[in-house]
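As the structure is a computational prediction, the values presented were derived from the model and not from experiment. Throughout, protein chains are lettered first and strands after them, A, B, ... in sequence-line order, and every chain is numbered starting at 1.
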Amino acid sequence: MLFGLIDRTTSATKLNAGLDRSIERQRGIADRVSKASLQNSDGFALEAKGSAAQIEAAANPVNVEDEMVALADEQLRFLATAKLLEKTYASLRGAIKGQG
Amino acid sequence: MPEGIGPSRRATLQPMQHEPVVRPMFRSLGIAASGLSAQRQRMETIAQNIANADVTRGPDGGPYKRRDVVLQSATAQNALFPGPSPFDGSGAGSMLNAMEGFDGSRGDIARTFEVPVLPMNGIGAGPNGEFGVRVAGIAQDQGEGRLVYEPAHPDANASGYVRYPDIDTTQETVRLLDAKRLFEANAAVFQTARAMLRASLDI
């Protein structure tokens with residue numbers, strides 16, 4: 001059995017971990033975007049009511065624009081990592097088959 | 001007949017017993033879907049308010065009462081997800097948990113809003129307890145409504161005043177825009193998650 005073949009010869013494990021991290025971050029973005037209106041029931045364009053402390057407490061911490069930027073960034077990272085992993089496996093497959 | 005093709009064979013896409021119902025990669029889709037569902041319900045309630053802005057005869061005889069969707073962070077017990085567990089007999093199969101319902105706007109059919117709920121018992125929970133959002137209920141305006149002097153109106157009181165719903169269509173429209181934009185944001189998250197899943201299939 002070729003134990004450790006992939007780990008020793010390629011960076012597939014690290015790339016896999018990178019994909020997992022990417023998914024975790026993407027899940028966090030999805031969670032924050034889904035909760036974007038939790039404290040924003042008055043709508044984004046309406047004047048805030050109450051005292052300054054109340055307004056600050058009620059302020060929605062989610063910035064949807066920032067989350068969208070982070071999402072696009074995360075998607076690119078994920079696609080790049082997936083492509084690298086695909087190439088890694090392809091080269092490993094080629095090495096096993098003896099292709100040049 | 002090879003083993004595993006008989007009628008008792010478990011369908012391929014069903015989760016294995018004792019395994020998370022929701023695979024970690026698909027949780028993003030579920031979270032985005034919860035946001036989509038919440039914003040859709042917001043839009044429906046706003047549409048209901050706008051449609052009933054001038055209704056002086058509600059179900060209780062008084063003016064229509066403005067409604068507002070109350071959202072809350074979902075937890076492991078009430079997270080929204082579209083599919084029930086085929087193995088969990090502890091209520092997960094009955095995923096529809098009726099919440100406070102309300103009648104449709106003067107329609108013939110009384111309609112109940114339902115929130116799909118899948119008790120997940122901590123299964124597949126993200127590291128930060130990410131379960132998306134859910135509709136906790138629909139609140140109703142407790143105000144009596146505004147009085148408008150219209151002596152010729154059939155619902156006018158002895159002094160000639162008619163009580164109208166306390167609905168500002170401008171505010172409702174702004175809320176509608178807010179819900180629309182957030183719906184689009186959640187849809188973008190969903191599409192991105194789908195694209196990432198598709199890319200992972202090419203590895």
#### Entry: Which atom of Ser73(B) lies closest to which atom of Lys35(A), heavy atoms considered
OG-CE, 3.5 Å
### Query
Between Ala188(B), Ala185(B), Ala179(B), which has the largest tally of heavy atom pairs under 4.5 Å with chain A?
Ala185(B)
### Summary
Turns out that what part of Val64(A) lies under 4.5 Å from chain B's heavy atoms comes down to side chain
### Task
Answer with side chain, backbone, both or neither: which region of Leu19(A) has an atom nearer than 4.5 Å to a non-hydrogen atom of chain B?
side chain
### Task
Assess the side chains of Asn49(B) and Tyr64(B): does a donor N or O sit below 3.5 Å from an acceptor N or O?
yes
### Message
If you count heavy atoms of other groups shown closer than 6.0 angstrom to CD of Glu150(B), is the number above 12?
### Response
yes
### Task
Give a yes or no on this: more than 12 heavy atoms of other residues, nucleotides or ligands lie within 6.0 Å of atom CZ of Arg146(B).
yes
### Message
Which atoms of Ala38(B) are under 4.5 Å from chain A, going by heavy atoms: the side chain, the backbone, both sets, or neither?
### Response
neither
### Query
Does the pair Arg42(B) and Gln39(B) meet the rule for a side chain to side chain donor-acceptor pair (under 3.5 Å), with working shown?
CA-CA 5 Å; Arg42(B) 273 185 80 199; Gln39(B) 297 308 324; 3.0 Å; yes
#### Entry: Pick from Lys83(A), Lys87(A), Gln75(A) with the largest number of heavy-atom pairs that fall under 4.5 Å of chain B
Gln75(A)
